[in-house]
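Single-structure report; data block below.
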Amino acid sequence: MKKVSSFFNDVAVISLSGFLLLGCESSTEDMVNRKTQALPAPSESYRNQVFTAEKKITATGGIEHNFSQCAQSPLDTVVAIDYLDPMLDARAASRAKVESAPYIEMTIEGIQAFIEENNITAIEDLLTHFPIHYRTNFSLVEHTRATGESNLEFPRIVVFGADGRFLLNIGTKPDDPMYNKLDVAQLHTDTGQWEFSVFDFDPPSPTLTRNDPSCAECHGTHNARPIWGTNAQWIGVFGDNIARGPQAEALHETHLEKMLSIIEGEGGSPRFEFLKWDDQPLIRGGKRRLANHAFGAELLLSNLAMGSATSLGSYLRLKQHAPEQYQALREELLLAYYLKKGNAFLSESEKAVFEALVSTLDSSIQAFSLPEVHPYQEGHPNFEKVNKPIFLEKISFSYSASIQKDKTLDKLLTGLGVNPAEAFSLATLSTREKPSTHWSMGAGDLYDMLMLQVLDDLRRDNPEVDQILRRRVVEEAIFNCPMTASNISEVVDYKMMHLFYLSGKSRYDVHEVFYPLDVEDIYDRVFMPVAHDLIGYLKSSSSTEI
């Protein structure tokens with residue numbers, strides 16, 4: 001037997017996690033057996049992660065540094081909370097029912113039950129019962145590509161909550177044919193799948209259509225996701241920067257005037273009345289702040305909420321589509337991520353290894369591929385219908401110069417069940433516009449958020465990876481808060497808690513007092529500091545005997 005110390009040695013026959021360019025008829029089975037253990041269900045795994053972190057959280061009240069408030073440790077929530085994710089713990093729901101009467105659970109089934117139990121017959125009556133974190137986290141939409149209608153006088157209300165996992169699209173235009181339809185989207189954290197459903201308040205007793213098939217054309221199928229503007233390009237949304245301003249969010253005077261009229265109770269629709277506004281005066285060219293939020297920048301926070309929810313769903317689907325293959329290929333996914341960012345190099349023979357690996361997943365890739373022809377192309381029968389003039393004039397997707405053309409990561413993800421062309425293209429209609437996968441949250445995108453979760457998953461199973469992260473000591477791992485974390489493993493703890501574990505009313509309570517300003521800055525704060533050692537490990541970790 002000849003042992004290959006690293007599969008990335010330039011030899012004639014190279015293996016990658018048991019995938020051989022020549023021979024080895026049972027390579028897939030060998031790979032799975034060598035790199036996997038008994039796997040819990042994705043929902044159980046996620047729940048255990050949250051509960052494990054929950055046992056370690058503290059609430060110190062924070063510490064001031066350079067005129068900013070900081071957490072004293074990675075799992076310091078600053079504000080005392082009982083649960084990181086109240087939706088995962090039945091005790092939280094029981095307590096909420098006692099403290100809030102009548103209590104409404106913000107899920108599709110919860111709203112359906114509330115409507116039936118309280119004889120709700122109108123959308124505006126339902127809205128008055130929404131909890132505080134759904135009354136404060138919202139945006140107004142002047143122009144919509146959804147099925148309903150909206151305009152400056154009667155904008156739609158998009159409610160994204162504290163964590164982006166349950167979304168609502170509320171019409172305010174009385175003559176809109178969809179006026180009495182309440183569109184909702186829910187991320188199911190047991191499967192990672194999004195559900196798009198509709199409550200119809202036209203009948204005397206409201207009805208619910210779950211998984212409405214008409215939603216798939218815009219939101220997608222296997223990798224369904226919300227639709228929302230990328231950072232600094234929230235076309236049609238109040239504050240979408242059509243007015244010149246010093247920041248990405250800038251209110252035009254028409255948006256400003258409409259918001260002020262709504263705040264003064266003269267918005268023209270009773271459906272605006274449930275909204276809670278911040279006390280800070282609105283100004284032309286300025287941004288709107290969310291009420292009861294330590295940071296408050298509305299549109300940036302909308303992207304962070306929807307982005308963290310979307311990437312969590314992608315991660316949970318990645319783990320469940322082909323769980324053994326996913327667990328065996330975590331190192332390869334992370335290396336492909338470095339390749340995409342342009343910070344890893346492969347020789348021609350090493351590239352051949354990846355190509356061989358991708359070819360073994362071709363059947364899955366074909367199953368999840370999108371149509372080659374899209375109605376966004378001029379000449380298609382639906383071109384005029386789909387591409388409204390306002391969007392033709394204004395939509396342009398910018399790509400960072402640092403984004404590389406290497407498609408290995410996309411191919412691996414697609415073969416494992418998460419097609420970025422659908423899953424990450426939040427600013428486009430799924431089969432009607434050209435995909436744009438680099439949807440931005442400001443300092444990061446959905447690739448960054450997904451690969452953070454893959455790295456966290458790997459380090460919890462692999463002490464050697466965690467040691468690489470712990471050995472990399474940095475003085476200011478957390479922006480402007482040197483005391484919060486001292487090494488990269490602690491930075492991962494911090495970001496995982498704030499992005500993926502802390503949710504619902506608990507996230508609202510924490511953000512009312514403390515907000516982690518750099519939470520979406522993942523590649524520069526996590527992956528770059530450990531690039532040399534981690535890339536070396538990733539290249540050597542798939543050694544095998546031949």
Side-chain angles (χ1 to χ4, degrees), residues 3-11 14-21 27-28 30-32 34-37 315 318-319 322 324-358 360-361 402 404 406-416 418 420 447-472 487-489 491-492 495-496 522-546:
K3 183 175 179 66
V4 181
S5 60
S6 168
F7 73 83
F8 279 108
N9 288 334
D10 293 335
V11 293
I14 309 173
S15 67
L16 176 67
S17 302
F19 284 93
L20 298 184
L21 296 179
S27 59
T28 302
D30 292 344
M31 174 201 69
V32 171
R34 182 167 56 82
K35 295 180 70 178
T36 61
Q37 304 170 356
Y315 169 69
L318 190 67
K319 293 191 71 172
E324 292 83 6
Q325 286 78 7
Y326 157 73
Q327 187 167 16
L329 293 175
R330 289 175 296 183
E331 291 91 343
E332 287 73 23
L333 287 167
L334 292 170
L335 184 56
Y337 174 59
Y338 275 114
L339 287 172
K340 185 176 186 65
K341 292 289 189 177
N343 283 294
F345 173 79
L346 297 184
S347 68
E348 290 304 313
S349 56
E350 291 168 349
K351 291 177 182 177
V353 175
F354 266 93
E355 290 173 3
L357 171 58
V358 168
T360 67
L361 302 173
S402 67
Q404 303 300 305
D406 190 282
K407 299 297 183 184
T408 305
L409 179 58
D410 282 5
K411 293 175 181 178
L412 287 175
L413 289 173
T414 304
L416 291 171
V418 174
Y447 288 99
D448 299 327
M449 284 202 173
L450 178 58
M451 300 317 293
L452 174 69
Q453 294 173 89
V454 173
L455 176 63
D456 174 65
D457 189 38
L458 180 61
R459 67 156 185 159
R460 283 184 282 104
D461 288 345
N462 190 321
E464 188 172 352
V465 172
D466 193 53
Q467 282 303 310
I468 290 173
L469 304 183
R470 290 189 181 280
R471 283 199 303 267
R472 184 61 172 93
N487 61 63
I488 301 303
S489 182
V491 177
V492 173
K495 291 184 183 293
M496 287 296 298
I522 292 169
Y523 190 70
D524 287 345
R525 294 281 180 177
V526 173
F527 285 92
M528 277 301 290
V530 295
H532 181 271
D533 290 345
L534 185 56
I535 291 172
Y537 170 80
L538 296 173
K539 283 192 172 187
S540 65
S541 62
S542 297
S543 59
T544 187
E545 290 188 355
I546 57 173

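Between Asp457 and Lys319, the shortest heavy-atom distance links the atoms OD1-NZ, 3.7 Å. Pairing each heavy atom of Pro529 with each of Arg525, the nearest pair is CG-O, 3.7 Å. In terms of heavy atoms, Leu333 sits closest to Leu416 at CD1-CD1, 4.0 Å.
Side-chain atoms of Tyr523 and Tyr338, non-hydrogen and from C-beta on, do get closer than 4.5 Å to each other. Side chains of Leu469 and Asn487 form no contact here, defined as non-hydrogen atoms less than 4.5 Å apart. At least one side-chain heavy atom of Lys340 sits less than 4.5 Å from a side-chain heavy atom of Asp410. Put simply, the side chain of Lys539 reaches to within 4.5 Å of the side chain of Leu346, judged on heavy atoms.
In this structure, CD1 on Ile488 lies 11.5 Å from CG on Asp466, to the nearest 0.5 angstrom. One distance of note links CG of Leu339 with CG of Leu334; it measures 11.0 Å at 0.5 Å rounding. In this structure, Glu464 CD and Leu534 CG are separated by 10.5 Å, a value rounded to the nearest 0.5 Å. Leu413 contributes atom CG, which lies 10.5 Å from atom OH of Tyr326 (distance to the nearest 0.5 angstrom). Annotation: the span from Arg330 atom CZ to Leu318 atom CG amounts to 10.5 Å, rounded to 0.5 Å. Atom-to-atom distance recorded for Gln467:CD and Ser489:OG is 8.5 Å, nearest 0.5 angstrom.
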Exercise. Using the salt bridge (charged side-chain N to carboxylate O under 4.0 Å, His left out) rule, take Arg472 and Asp533 through it: C-alpha gap first, then chi angles, then the decisive distance, then the call.
Key: CA-CA 9 Å; Arg472 184 61 172 93; Asp533 290 345; over 6 Å; no
Considering only distance and modelled atom types, tabulate donor-acceptor pairs under 3.5 Å from the side chains of residues 448-456, sequence neighbours left out.
| residue | atom | partner | partner atom | Å |
| --- | --- | --- | --- | --- |
| Asp448 | OD1 | Tyr337 | OH | 2.5 |
| Asp448 | OD1 | Lys341 | NZ | 3.2 |
| Asp448 | OD2 | Asp445 | N | 3.0 |
| Gln453 | NE2 | Ser311 | O | 3.2 |
| Gln453 | NE2 | Met449 | O | 3.2 |
| Asp456 | OD1 | Arg459 | NE | 3.0 |
| Asp456 | OD1 | Arg459 | NH2 | 2.9 |
| Asp456 | OD2 | Arg460 | NE | 3.0 |
| Asp456 | OD2 | Arg460 | NH2 | 3.2 |

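The ring-ring contact (aromatic ring centres under 6.0 Å, His included) search around Tyr447 returns Phe424, His438, not counting sequence neighbours. Among residues two or more places apart in sequence or in another chain, the side chain to side chain donor-acceptor pair (under 3.5 Å) test is passed with Asn462 by Tyr537.
Although no hydrogens or angles enter the test, the distance criterion places no donor-acceptor pair under 3.5 Å between the side chain of Thr414 and the main chain of Lys411.
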